[in-house]
Amino acid sequence: MNLTISGHHLEVTPSLREYVLTKLDRVTRHFDQVVDINVLLSVEKQKEKEKRQKAEVNVHVKGKDIFVESAHEDLYAAIDELMDKLNRQVCRHKDKVQDHHHASAKRLDAPDLQ
């Protein structure tokens, strides 16, 4: 699994990197077929002169790309919200990938009409 954590208009400190890694452990525990993860942490200046912290993640799993973004006043809160959203998306993808369809009893018991 390739992991890239980058910052846009901010420096990614070791504490931020460690916080993102601990949160990603929860997601990768649910689904182990993750190929690539790109995390982008950024600070945007709004017209109201309020800084808005934004976190984005792009997860490449086998057969699909999952993109999630979250914005908040606090970067740690944005990361928490982001990981909750990502966890739901990954669980939904995992449920779709797993085969829950079984052959119906009618088809199994039907005699051949030859």
Side-chain angles (χ1 to χ4, degrees):
M1 175 181 78
N2 295 329
L3 173 65
T4 306
I5 301 174
S6 58
H8 188 256
H9 295 296
L10 79 112
E11 180 183 343
V12 179
T13 61
S15 61
L16 265 176
R17 183 177 298 278
E18 186 64 31
Y19 190 73
V20 170
L21 286 174
T22 56
K23 292 293 182 173
L24 277 174
D25 282 343
R26 188 178 83 186
V27 174
T28 56
R29 188 172 2 124
H30 289 299
F31 193 66
D32 59 348
Q33 295 178 354
V34 176
V35 176
D36 193 21
I37 299 176
N38 294 321
V39 180
L40 178 65
L41 307 173
S42 62
V43 177
E44 295 180 350
K45 286 197 171 186
Q46 300 293 325
K47 291 180 180 176
E48 302 92 39
K49 304 228 175 177
E50 162 190 307
K51 288 190 176 179
R52 188 157 192 175
Q53 315 291 326
K54 188 174 179 184
E56 301 175 359
V57 66
N58 194 358
V59 178
H60 179 69
V61 294
K62 187 177 178 183
K64 186 175 183 181
D65 285 338
I66 300 172
F67 176 77
V68 182
E69 65 180 348
S70 174
H72 202 271
E73 294 175 5
D74 181 29
L75 188 58
Y76 288 96
I79 292 170
D80 287 339
E81 189 177 307
L82 177 83
M83 293 303 165
D84 290 340
K85 289 180 181 180
L86 181 64
N87 195 24
R88 284 193 297 270
Q89 291 283 333
V90 167
C91 288
R92 189 178 309 149
H93 176 69
K94 182 180 175 183
D95 289 342
K96 286 181 181 180
V97 168
Q98 288 176 342
D99 188 17
H100 292 289
H101 304 291
H102 300 287
S104 66
K106 292 178 187 176
R107 293 184 181 173
L108 291 175
D109 297 334
D112 291 333
L113 300 174
Q114 294 178 351

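The residues of the chain are indexed from 1 along the displayed sequence.
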To the nearest 0.5 Å, what is the distance between [atom1] ([X]) and [atom2] ([Y])?
X	Y	atom1	atom2	value
His8	Glu44	NE2	CD	9.0 Å
Cys91	Lys94	SG	NZ	7.0 Å
Ser6	Glu11	OG	CD	13.0 Å
Ile37	Leu86	CD1	CG	7.5 Å

Between [X] and [Y], is there a shared hydrophobic cluster once you connect ILVMFWY residues whose side-chain heavy atoms come closer than 4.5 Å?
X	Y	answer
Val57	Phe67	no
Val12	Val20	yes
Leu10	Leu82	yes

Looking only at non-hydrogen atoms, find the nearest pair between [X] and [Y] and report the distance.
X	Y	answer
His72	Glu81	CD2-OE1, 4.1 Å
Asp36	Asn2	OD1-O, 3.1 Å
Leu41	Ala55	CD2-CB, 3.8 Å
Ala78	Ser70	O-OG, 3.4 Å
Val27	Met83	CG2-O, 4.3 Å

Do [X] and [Y] have side chains that approach each other closer than 4.5 Å (heavy atoms only, starting at C-beta)?
X	Y	answer
Val61	Gln33	no
Ile79	Leu16	yes
Ser42	Lys54	yes
Leu3	Leu21	yes
Asp84	Arg26	yes

Checklist entry - When His60 is tested against each of Val35, Ile66, Asn38 for side chain to side chain contact (heavy atoms under 4.5 Å, CB included), which residue passes? => result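 So the option named by the test is Val35.
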Checklist entry - With Tyr19, which residues qualify under ring-ring contact (aromatic ring centres under 6.0 Å, His included), at least two apart? => result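 Tyr19: ring-ring contact (aromatic ring centres under 6.0 Å, His included) contacts with Tyr76.
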